[in-house]
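A short write-up of the structure that comes next.
Index from 1, following the sequence. These numbers come from a predicted model, not from an experiment.
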Amino acid sequence: MPKYFLVIVSLLAVCAPVALAGVSVSTPANGVTVQGSVHYVASATTSCSKGVASMGIYTAPGKLAYVVNGAKLDTSLSLGPGTYNTVVQEWDHCGGASTTPIKVTVSTNTGVNVTSPANNAKVSSPVNFTATATTTCSQGVAAMGIYTAPYQLAYVVNGASMHHNLALSPGKYGAVVQEWDKCGGATSTPVTITVGGNAFTNLQKSGGWSQYGQGPPDFVDCSPSPCKGITFSMAQGVKSPSLSGAATQYNLGGTAVYSDGLWNNHLIGDLSSQGLPDTGHTLVPQYHNFTYDVYFYGSNLDLSQAVEFDVNQFFDGMGFIWGNECRIAGGHEWDIWDNLNAHWVPTGIPCNPSSNSWNHVTIQVQRTSDNQLLYQSITLNGVTSTLNQYYRPGAAPGWYGVTVNYQMDGDYKQHAYSVLLDQLTFSYQ
């Protein structure tokens with residue numbers, strides 16, 4: 001054979017395309033340190049004409065932790081703290097195999113994990129904060145808290161978990177969720193949020209509250225106290241017990257049984273306490289969605305026939321009164337108000353607030369586009385009950401505005417009792 005022919009054959013062999021084979025791991029990077037689960041993403045190629053059969057992950061020699069059919073792999077492995085010389089491997093249909101080693105170090109999974117709200121989220125008030133915490137401290141996590149700004153601790157709870165609705169005014173917040181452990185350590189996770197909509201916060205310490213007594217059979221307002229055998233009063237700026245340092249205590253007593261104390265604040269429209277008189281009558285009809293969010297505390301709530309939280313809207317001769325009554329001595333059930341027929345309607349939803357602790361209630365209601373009252377939901381101490389009940393409005397000629405009420409009902413002996421309100425937030429859109 002001529003020598004030049006051998007040279008040509010050799011060159012052809014060198015220049016012929018070569019089938020690439022192997023495992024490409026895009027994550028994790030080799031030598032990386034992670035917390036918690038380890039996310040693996042990889043793909044494989046082979047010179048086998050039949051292709052890649054499967055891929056897998058070894059976390060130690062002979063220890064196959066995961067396998068999947070095909071030429072792609074995307075999974076997360078939960079590994080305990082330590083250093084792992086993992087191997088990502090492919091097997092082809094021709095009996096061959098190739099690997100890529102990946103060294104990973106899993107550090108102790110400590111810190112604060114915030115599941116709600118999402119970072120950079122746009123939210124409405126109240127804002128739901130849900131988080132858990134872990135620590136290397138052998139004694140565990142002592143408490144968790146929410147900072148809405150540097151040195152502004154808005155909420156704290158004992159233990160390693162948090163589920164809290166925090167009332168915030170519209171604006172952007174660089175919030176921080178922090179845990180403190182029992183060894184003196186602390187870790188935190190920042191969460192940036194933008195709160196939209198409109199809200200009045202800490203209304204319990206606001207001016208503009210009016211107070212009245214009401215008694216059977218007609219329950220017509222009377223004032224000042226005492227009147228018609230009813231005594232009622234309120235005291236703002238209570239520091240303890242308090243969540244904000246400025247709770248308000250409401251008191252009811254007297255001799256007229258089954259009589260009530262009513263406290264009312266005009267927020268928007270006529271007699272506005274918030275600087276929104278709406279003299280042109282353009283604002284009030286725009287609002288459709290309302291949230292009444294408040295904490296209440298009583299040392300002996302069993303003496304209460306009921307406590308009541310109302311949202312009211314009036315315009316064009318129509319009255320929309322979303323009355324929400326927690327019957328305590330009256331039967332431990334939520335009732336809602338039927339405007340047109342002027343009576344309470346049992347919902348079947350239990351209401352069992354605890355004495356000597358703060359109870360958190362969030363009430364969401366809506367005026368529909370065809371001017372019906374929609375009772376959406378009631379949340380008491382983290383348990384949400386959906387209503388979705390519709391009612392027609394009543395008549396309210398000459399009334400105009402948006403107001404809120406708080407009411408306490410007396411029992412069969414008109415036992416005297418007190419309830420404190422704190423962090424009362426009213427949101428409207």
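Between the Gln178 side chain and the Gly145 main chain, no donor and acceptor come within less than 3.5 Å of each other. One N or O on the side chain of Asn381 and one on the backbone of His360 form a donor-acceptor pair closer than 3.5 Å. Side-chain atoms of Ser355 come within 3.5 Å of backbone atoms of Leu301 as a donor-acceptor pair (strictly under, hydrogens ignored). Using a distance-only test at 3.5 Å, with no hydrogens or angles considered, a donor-acceptor pair links the side chain of Asn30 to the main chain of Lys103. With Thr231 contributing its side chain and Pro226 its backbone, the two residues share no donor-acceptor pair below 3.5 Å. With Gln364 contributing its side chain and Phe290 its backbone, the two residues share no donor-acceptor pair below 3.5 Å. Checked by atom type and distance alone, the side chain of Ser26 pairs as donor or acceptor with a backbone atom of Val41 at under 3.5 Å. For Tyr375 (side chain) and Gly323 (main-chain N/O), a donor-acceptor pair under 3.5 Å exists by modelled atom type. Within the 3.5 Å criterion, the main-chain N or O of Arg367 finds a donor-acceptor partner in the side chain of His288. In this structure a side-chain-to-backbone donor-acceptor pair under 3.5 Å is present from Asn324 to Trp322.
Side chain to side chain, Ser206 and Gln274 meet the donor-acceptor criterion of an N or O pair below 3.5 Å. With 3.5 Å as the limit, one finds no donor-acceptor pair spanning the side chains of Thr425 and Asp293. In this structure, a donor-acceptor pair under 3.5 Å is present between the side chains of Glu179 and Thr187. Side chains of Asn405 and Gln407: a donor-acceptor N/O pair is absent below 3.5 angstrom, by distance only.
To the nearest 0.5 Å, atom CZ of residue Arg392 and atom CE of residue Met318 are 9.0 Å apart. Expressed to the nearest 0.5 Å, how far CG of Asn352 lies from CG of Leu380 amounts to 8.0 Å. Rounded to the nearest 0.5 angstrom, Leu424 CG and Tyr295 OH are separated by 12.0 Å. In this structure, His39 NE2 and Thr75 OG1 are separated by 7.5 Å, a value rounded to the nearest 0.5 Å. To the nearest 0.5 Å, atoms CD (Gln376) and CG (Asn388) are separated by 7.0 Å. Note that the CD atom of Glu90 and the OG atom of Ser98 stand 3.5 Å from one another [nearest 0.5 Å].
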* Please walk me through it: do Phe129 and His164 pass ring pair (Phe, Tyr, Trp, His ring centres under 6.0 Å)? -> CA-CA 5 Å; Phe129 282 84; His164 179 69; 7.8 Å; no
* To do: May I have the step-by-step check of ring pair (Phe, Tyr, Trp, His ring centres under 6.0 Å) for Phe296 and Phe309, ending in yes or no?
  => CA-CA 11 Å; Phe296 65 99; Phe309 312 92; 5.6 Å; yes
* To do: Give the intermediate values and the outcome of side chain to side chain contact (heavy atoms under 4.5 Å, CB included) for residues Tyr412 and Val257.
  => CA-CA 5 Å; Tyr412 72 105; Val257 299; 5.7 Å; no
* **Worked verdict on Leu168 versus Thr148 for side chain to side chain contact (heavy atoms under 4.5 Å, CB included)** => CA-CA 9 Å; Leu168 294 173; Thr148 54; 3.7 Å; yes
* Given Ser272 and His266, is the side chain to side chain contact (heavy atoms under 4.5 Å, CB included) satisfied, shown in steps? -> CA-CA 5 Å; Ser272 171; His266 292 249; 5.7 Å; no
* **Verdict with supporting geometry, Tyr391 and Gln389, side chain to side chain contact (heavy atoms under 4.5 Å, CB included)** => CA-CA 7 Å; Tyr391 292 88; Gln389 295 188 30; 3.0 Å; yes
* Given the rule in the side-chain hydrogen bond (donor to acceptor under 3.5 Å, both in side chains) test, do Asn251 and Ser233 qualify, once you have shown the distances and angles that lead to the verdict? -> CA-CA 5 Å; Asn251 309 297; Ser233 62; 3.0 Å; yes
* Would you please test Phe320 and Phe314 for ring pair (Phe, Tyr, Trp, His ring centres under 6.0 Å) and show each step? => CA-CA 6 Å; Phe320 303 84; Phe314 307 101; 8.4 Å; no
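Side-chain rings of Tyr287 and Tyr428 approach one another, their centers coming within less than 6.0 Å. Side-chain rings of Trp337 and Trp344 approach one another, their centers coming within less than 6.0 Å.
Ser244 has its side chain within reach of Gln204: a pair of non-hydrogen atoms, C-beta onward, lies under 4.5 Å apart. Within the 4.5 Å cutoff, the side chain of Met408 has no heavy atoms near those of the Asp260 side chain. With a 4.5 Å cut-off on side-chain heavy atoms, Ile378 and Val361 count as touching. A heavy-atom distance below 4.5 Å is not found between the side chains of Thr248 and Trp209. Between Ser188 and Tyr147 the shortest side-chain heavy-atom distance does not fall below 4.5 Å.
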Pair up each side-chain donor or acceptor in residues 214-221 with any protein partner under 3.5 Å, not counting sequence neighbours, and list the distances.
| from | atom 1 | to | atom 2 | distance (Å) |
| --- | --- | --- | --- | --- |
| Gln214 | NE2 | Asp221 | OD1 | 2.6 |

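Within the structure, every pair that satisfies the salt bridge (charged side-chain N to carboxylate O under 4.0 Å, His left out) test and touches residues 334-348, not counting sequence neighbours, is listed here: Arg327-Asp335. Residue pairs meeting the salt bridge (charged side-chain N to carboxylate O under 4.0 Å, His left out) criterion with at least one member in residues 303-325, sequence neighbours excluded, do not occur. Sorted by first then second residue, the disulfide (SG to SG under 2.5 Å) pairs that include residues 280-312, not counting sequence neighbours, number zero. Pairs passing the salt bridge (charged side-chain N to carboxylate O under 4.0 Å, His left out) check and including a residue from residues 401-425, sequence neighbours excluded, do not occur. Pairs passing the disulfide (SG to SG under 2.5 Å) check and including a residue from residues 231-311, sequence neighbours excluded, do not occur.
Remark: of the listed residues Phe232, Tyr297, Trp263, Tyr417, Trp263 is the sole one forming a ring-ring contact (aromatic ring centres under 6.0 Å, His included) with Tyr250. For the side-chain hydrogen bond (donor to acceptor under 3.5 Å, both in side chains) criterion with Asn165, the lone passing option out of Thr291, Thr130, Asn128 is Asn128.
Contact detail for Tyr40 and Leu77: the closest heavy-atom pair is CE1-CD1, 4.0 Å. Heavy atoms only, all atoms of each residue included: Ser377 and Thr384 are closest at CB-CG2, 4.1 Å. In this structure, Gly401 and Val284 approach most closely via the heavy-atom pair CA-CG2, 3.9 Å. Gly140 and Thr135 make their closest contact through C-CG2, 3.6 Å (heavy atoms, listed as atom of the first residue, atom of the second, distance). For the pair Pro190 and Asn119, the tightest heavy-atom approach, listed with the atom from each and the gap, is O-OD1, 4.1 Å. Across Asn265 and Ser273, no two heavy atoms sit closer than the pair OD1-OG, 2.6 Å.
Using cut-offs of 30° and 60° for the angle between ring planes, the Tyr400 and His281 rings count as parallel.
Environment of CH2 in Trp399: sparse, with no more than 12 heavy atoms of neighbouring residues, nucleotides or ligands closer than 6.0 Å.
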